[in-house]
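Notes to accompany the following structure.
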Amino acid sequence: MTTPGARPVRVLIVDDDALVRAGLSMILGGAGDIAIVGEAGDGAEVPAMVARHRPDVVLMDIRMPDVDGLTATEALRAAQSPPEVLVLTTFHADAQVLRALRAGAAGFLLKDIPPVELVAAIRKVAAGEPILSPAVTRQLIAHVSNGGAGGRADRARALIGRLSEREREVALAVGRGRSNAEIGRELFMSVPTVKAHVSRILTKLELNNRVQVALLVYDASL
């Protein structure tokens, strides 16, 4: 998978279990296009390590004793030019995972993920592709959230109201888990046009990725 002359994907591993960190380092170290630039045992160490090592992707454990992964993710994604964050968890449906996705995490991985899939996930996220499909996001929400109750629903509808009619159609399709090619076929657009619409939606709504668009659509009960 290594392209001659290409810079390897820089990864920071954050987990309070030294054995987990060692296992992840061993797995990722075998991929020629991935470089482990650092390891942290707690979320409190993350800001300084990100500033020092400039990772492309942070593998972030959720449950840590001092500063948890959720707090660290929210701080990272609120900063300028943040790295992508992949949440590490032992649960498919977890309220903290959902909050991390709302904060802008690119997706989540179960800690027992097969090595080949872990490496592929790192590559996808580094290329700007969230690895959590909107369909999976909806399943997660159904388990751990009361949906778009209260003020969150009103806020979601107000944000979607900023979109043009065509952008809204694209946003709803993203919320249904459609790929760019599928959206293009449904709405009679080219894939580059779909991508341009998605980019404008993210900019208008100040979102990080398609997962957050799907969450917003769900909150608005659309």
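Not measured: the values here are computed from a predicted model. All residue numbers in this chain count up from 1 along the given sequence.
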Report yes if some heavy atom in the side chain of [X] is under 4.5 Å from a heavy atom in the side chain of [Y]; otherwise report no.
X: Glu74; Y: Arg99; result: yes
X: Val213; Y: Leu205; result: no
X: Ile122; Y: Leu59; result: yes
X: Val14; Y: Asp61; result: no
X: Gln96; Y: Thr73; result: no
X: Leu24; Y: Leu118; result: yes

Rounded to the nearest 0.5 Å, what's the gap from [atom1] on [X] to [atom2] on [Y]? Could you check?
X: Gln212; Y: Glu206; atom1: CD; atom2: CD; result: 11.0 Å
X: Thr193; Y: Phe188; atom1: OG1; atom2: CZ; result: 14.0 Å
X: Glu84; Y: Asn209; atom1: CD; atom2: CG; result: 7.0 Å
X: Arg102; Y: Leu70; atom1: CZ; atom2: CG; result: 12.0 Å
X: Leu88; Y: Arg21; atom1: CG; atom2: CZ; result: 12.0 Å
X: Leu163; Y: Arg168; atom1: CG; atom2: CZ; result: 8.5 Å

Ion pair check, Glu169 and Arg166, cut-off under 4.0 Å: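 Here Glu169 pairs with Arg166 in a salt bridge, since their nearest N and O are under 4.0 Å apart.
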Arg155/Asp219 ion pair, N-O < 4.0 Å: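 No salt bridge links Arg155 with Asp219.
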Examine distances only and state if a side-chain atom of [X] and a backbone atom of [Y] form a donor-acceptor pair shorter than 3.5 Å.
X: Asp68; Y: Thr71; value: yes
X: Arg10; Y: Arg54; value: yes
X: Glu182; Y: Ser179; value: yes
X: Ser199; Y: Lys195; value: no

If I compare all heavy atoms of [X] with all of [Y], which pair ends up nearest, and what's the gap?
X: Ala106; Y: Val211; result: O-CG2, 4.4 Å
X: Val67; Y: Asp42; result: N-OD2, 2.9 Å
X: Gly69; Y: Met64; result: N-CE, 3.5 Å
X: Ile160; Y: Ala220; result: CD1-CB, 3.9 Å
X: Ile13; Y: Ser25; result: CD1-OG, 3.4 Å
X: Pro83; Y: Val58; result: CG-CG2, 3.8 Å

Asp16/Asp66 under side-chain contact (heavy atoms from CB on, under 4.5 Å): CA gap, chis, key distance, verdict: CA-CA 10 Å; Asp16 66 333; Asp66 187 8; over 6 Å; no
Atom CZ of Arg77: over 12 foreign heavy atoms under 6.0 Å: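 Enclosed.
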Lys204 atom NZ: more than 12 heavy-atom contacts under 6.0 Å: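 Yes, NZ of Lys204 has more than 12 neighbouring heavy atoms, counting only those of other groups under 6.0 Å.
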Criterion side chain to side chain donor-acceptor pair (under 3.5 Å) against Lys111, the qualifying member of Thr90, Thr89, Asp15: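 Result: among Thr90, Thr89, Asp15, Asp15 is the only option passing the side chain to side chain donor-acceptor pair (under 3.5 Å) with Lys111.
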Full working for side-chain contact (heavy atoms from CB on, under 4.5 Å) between Val170 and Arg200: CA-CA 11 Å; Val170 171; Arg200 283 197 293 272; over 6 Å; no
Single-linkage hydrophobic cluster, 4.5 Å side-chain cutoff, Leu110 and Ile62 together: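 Yes, Leu110 and Ile62 fall within the same hydrophobic cluster.
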Derivation and outcome, side-chain contact (heavy atoms from CB on, under 4.5 Å), residues Arg52 and Leu12: CA-CA 11 Å; Arg52 184 183 313 129; Leu12 172 66; over 6 Å; no
Verdict with supporting geometry, Leu215 and Leu98, side-chain contact (heavy atoms from CB on, under 4.5 Å): CA-CA 9 Å; Leu215 289 167; Leu98 181 60; 3.6 Å; yes
